[in-house]
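Single-structure report; data block below.
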Amino acid sequence: MKTIDLNCDMGESYGAWKMGADAEVMPYITSANIACGFHGGDPATIRKTVRLAVDRGVAVGAHPSLPDLMGFGRRVMRIAPQDMYDLVVYQAGAVEAFARAAGTRLHHVKCHGALYNMAVNDEGLSAAMVRAVKDLGSGVILYALSGSKTFATGKKAGVPVVGEVFADRGYADDGTLAPRDQPGGMIEDAAAAVKQVLGMIEAGYVTSLAGKRVAVAADTLCLHGDQPDAVLFAQTLRKVFAEKGINVAAP
């Protein structure tokens, strides 16, 4: 039986600004990537989101970002590998503390937005991200784009790493995510997203926007809790997985 983890970016509200349907989506996922305050999230939101995850038996992960609240962490910044290390350890430490206070542990780290994408083809940034996760200890898992330098670097370093794929994003020929503003960069049709997901899980490939088949290791699937009809999409995926005999569990 094939197994897939369903992860979701969560806790991205900030103060009076509310984002996502965390409480409604949480019952359908198996791991939560919780914003750490640099692109979204604040101490109270981290605490509440960790509590939601614990109550639902969902694995708690950190979702560190570039320091970019205004741009929601999606604007590229020039950083050194040491900056990458410091950003990941600092932010993951916040989520780890709230996890410990809630009686659980930090399960994984998945970087957000530009920080995630900047490392995909950059050996120095990937190595720093991997080192940060390794130094967090306790078997913390790194979620990395399937087929990326980050994924390969984690494997080589002996850090627990799982390959991440995306239901609602278009892919380039090299297996990276197409820019959000590129035609086809965002997949908003649920049927098309489900078809892409099944291809990745069952056949091990995704079709790029140019029509090329790109091999992927689908260990964990990202859902975006702020996308339109996120709850319905999560429900649909769970229903399809049950029909196809695909098990859903955190790594």
Report yes or no: does [X] contribute a side-chain atom to a donor-acceptor pair with the main-chain N or O of [Y] at less than 3.5 Å?
X      : Y      : answer
Tyr116 : Leu145 : yes
Asn33  : Gly61  : no
Ser208 : Ala210 : yes
Gln196 : Arg169 : yes
Asp229 : Leu232 : no
Ser13  : Lys18  : no
Asp68  : His39  : no
Asn117 : Gly113 : yes
His63  : Cys8   : no
Thr176 : Ala172 : no

I want to check a possible cation-pi pair here: Arg47 against Phe98, using under 6.0 Å from ring centre and within 45° of the ring axis as the test.
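No, Arg47 and Phe98 do not form such a contact.
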Hydrophobic cluster membership, with links at side-chain heavy-atom distances under 4.5 Å among I/L/V/M/F/W/Y: are Val95 and Ile29 in one?
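Looking at the clustering, Ile29 is in a separate group from Val95.
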Examine Ile141 and Val133 and state if one hydrophobic cluster contains both, with Ile, Leu, Val, Met, Phe, Trp and Tyr joined whenever side-chain heavy atoms are less than 4.5 Å apart.
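Different clusters: Ile141 never reaches Val133 through Ile, Leu, Val, Met, Phe, Trp or Tyr contacts under 4.5 Å.
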Do [X] and [Y] come within less than 4.5 Å of each other through their side chains, counting heavy atoms only?
X      : Y      : answer
Gln91  : Leu87  : yes
Pro64  : Val109 : yes
Thr220 : Val165 : no
Val161 : Phe151 : yes
Tyr143 : Asp219 : no
Met118 : Ile79  : yes
Pro160 : Leu142 : no
Leu221 : Leu237 : yes

Going by distance alone, is a donor N or O of one side chain under 3.5 Å from an acceptor N or O of the other, for [X] and [Y]?
X      : Y      : value
Tyr28  : Arg238 : no
Tyr85  : Asp135 : yes
Thr150 : Ser126 : yes
His108 : Asn7   : no

For the atom pair [atom1] ([X]) and [atom2] ([Y]), what is the distance rounded to the nearest 0.5 Å?
X      : Y      : atom1 : atom2 : value
Leu198 : Met200 : CG    : CE    : 9.0 Å
Thr49  : Ile34  : OG1   : CD1   : 5.5 Å
Phe241 : Lys2   : CZ    : NZ    : 12.0 Å
Ser146 : Tyr171 : OG    : OH    : 7.5 Å

Would Glu164 and Lys110 pass as an ion pair if we require N to O under 4.0 Å?
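Salt bridge: yes.
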Are Asp173 and Lys212 within salt-bridge range, i.e. N to O under 4.0 Å?
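No salt bridge links Asp173 with Lys212.
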[X] atom [atom1], neighbour heavy-atom count above 12 within 6.0 Å:
X      : atom1 : result
Arg180 : CZ    : yes
Glu123 : CD    : no
Arg105 : CZ    : yes
Glu188 : CD    : no

Shortest non-hydrogen contact between Ala21 and Val231, atoms and distance:
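The answer is CB-CG2, 4.3 Å.
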Can we call the ring centroids of His112 and Phe38 under 6.0 Å apart?
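No, the ring centres sit 6.0 Å or more apart.
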